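What you see is a predicted model, and the numbers here were worked out from it, not measured in a lab.
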Amino acid sequence: MTSPSPALELDGLTRHFASGGSTVRAVDGVSLTVGRGEVLGLVGESGSGKSTVGRCAVRLDEPTAGTVRIGGTDVTRLSRRALRPLRKDFHLVFQDPSSSLDPRMTAGAIIAEPIRLHRLAARGEAVRTRVAELLAQVGLRPEHADRHPHELSGGQRQRISLARALAVDPDLLIADEPTSALDVSVQASVLNLLADLQRDRGFGCLFITHDLAAVEFLADRIAVMYLGRIVEQAPTAELFAAPKHPYTRALLSAAPVPDPAAQRSRERIVLSGELPSPLSPPPGCHFHTRCPVAVDRCRTDVPELRTLPGTARQVACHLVAEDGTAPVATNASPASDLAS
């Protein structure tokens, strides 16, 4: 029996923007797969191209090159009309629910809209019943259906966004920084809700974030992105236990840990300089201008994203050996000395 196609497949996804006679290379040949029932975390600094990947995946941005397949169907160049009936199979949850929810509509009308558009329930009472079920599933009460977005808290608005996404029972959910606009006190509750919904419904999820604690909690696998390229992919536990790419090692070394003693004793890799502009990315490995272990080859040759033998890990670094031995930074410093 043929196994089902992955929820999402990106092959060589590229997105360039024209800007004042120059070209912004926002996404530069990204390939990744999200299995059905799997959560893939996509992490990296602001400006790395993470959100553009998510927008291209659902065709809110048009890819410059490459292929997007959702559930095995190539949606890369479908017309808007041909794409419309497929949109119930995937949904994007935006970073800021305040800007993604229509302020003129009630929460109930917002959730009901995709149900009506895709004719997933008969009119009238069946739609209202479905809306009530969805509100309950995201932890809200029936009376929330009559409230407008401005009458709800940030956490409640994001729950409405999740309910709207789940109204079409999608096979793929793309969550773009879904908790970053929320107060810290409610971030955990929304993450727990997303984890419960994903487990119960079994949809594939591309979870885009810069929050390493959140991605460690939620994701099965993690892809690390730097200046438009994927530099490392691995199962979550393996990546956190033994990051290979120098950029991944630097990211994880800067992440806070619950144990203060472990935080003080841990070495932190200090990166020099700022993220280069996608208007003029460095040649070779994009990371070489900040990498503490770069050699001459890194400045000229683009490293291939390759699978390490006998593992589920991919890494794009000339200096990572086939057996997974990673280069060691020479400027590592105790984290306690870098509190500023």
**Item:** With sequence neighbours excluded, residues passing ring pair (Phe, Tyr, Trp, His ring centres under 6.0 Å) with Phe287
**Value:**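 Phe287: ring pair (Phe, Tyr, Trp, His ring centres under 6.0 Å) contacts with Tyr226, His245, Tyr247.
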**Request:** Only counting residues at least two apart or in another chain, list the ones meeting ring pair (Phe, Tyr, Trp, His ring centres under 6.0 Å) with Phe203.
**Result:**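 Applying ring pair (Phe, Tyr, Trp, His ring centres under 6.0 Å) to Phe203 gives none.
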Could you tell me which non-hydrogen atom of [X] sits nearest to which non-hydrogen atom of [Y], and how far apart they are?
X      : Y      : answer
Ile174 : Val58  : CD1-CG1, 3.6 Å
Val127 : Ala112 : CG1-CB, 3.7 Å
Ile111 : Ala163 : CD1-CB, 3.7 Å

**Request:** If a pair satisfies side chain to side chain donor-acceptor pair (under 3.5 Å) and one of its residues is in residues 162-175, list it, with sequence neighbours excluded.
**Result:**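 As it turns out, the side chain to side chain donor-acceptor pair (under 3.5 Å) pairs with a partner in residues 162-175, which skip direct neighbours, are Asp169-Arg201.
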**Request:** Kindly state each residue pair satisfying side chain to side chain donor-acceptor pair (under 3.5 Å) with at least one member in residues 274-288, sequence neighbours excluded.
**Result:**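 Only Arg229-His286 qualify under side chain to side chain donor-acceptor pair (under 3.5 Å).
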If the condition is salt bridge (Lys or Arg N to Asp or Glu O under 4.0 Å), which residues does [X] pass it with, not counting sequence neighbours?
X      : result
Glu151 : none
Glu216 : none
Arg116 : none

**Asked** For Ser185, does its backbone N or O pair with a side-chain atom of Asp183 as donor and acceptor, under 3.5 Å?
**Response**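 Looks like no, no N/O pair under 3.5 Å.
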**Prompt:** Does a side-chain N-to-carboxylate-O contact under 4.0 Å join Lys244 and Glu238?
**Reply:**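 Salt bridge: no.
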**Request:** Sort and list the pairs that fulfil ring pair (Phe, Tyr, Trp, His ring centres under 6.0 Å) and have at least one residue in residues 77-135, not counting sequence neighbours.
**Result:**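 Residue pairs passing ring pair (Phe, Tyr, Trp, His ring centres under 6.0 Å), neighbours aside: none found.
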**Message:** For Thr73, give me all partners under side chain to side chain contact (heavy atoms under 4.5 Å, CB included), at least two apart in sequence or on another chain.
**Reply:**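 Side chain to side chain contact (heavy atoms under 4.5 Å, CB included) check on Thr73 returns Val75, Leu86.
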**Asked** In this structure, which one of Leu305, Val315, Val53 forms a side chain to side chain contact (heavy atoms under 4.5 Å, CB included) with Ile230?
**Response**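 Running side chain to side chain contact (heavy atoms under 4.5 Å, CB included) over Leu305, Val315, Val53 with Ile230 returns exactly one hit, Leu305.
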**Message:** Nearest 0.5 angstrom please: Leu101 CG to Arg157 CZ, how far?
**Reply:**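 Rounded to the nearest 0.5 Å, the CG-CZ separation comes out at 8.0 Å.
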Which pairs of donor and acceptor atoms, one on a side chain in residues 6-22, lie under 3.5 Å apart (sequence neighbours left out)?
from  : atom 1 : to    : atom 2 : distance (Å)
Thr14 : OG1    : Gly12 : O      : 3.2
Thr14 : OG1    : Gly29 : N      : 3.3
Arg15 : NE     : Glu62 : O      : 2.9

**Request:** Could you note down all residue pairs passing salt bridge (Lys or Arg N to Asp or Glu O under 4.0 Å) where residues 310-324 supplies at least one of them, sequence neighbours left out?
**Result:**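 Non-adjacent pairs meeting salt bridge (Lys or Arg N to Asp or Glu O under 4.0 Å): Glu232-Arg313, Arg306-Glu322.
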**Message:** Enumerate the salt bridge (Lys or Arg N to Asp or Glu O under 4.0 Å) contacts for residues 129-143, please, sequence neighbours excluded, ordered by first and then second residue.
**Reply:**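 Found Arg130-Glu133, Arg141-Glu143.
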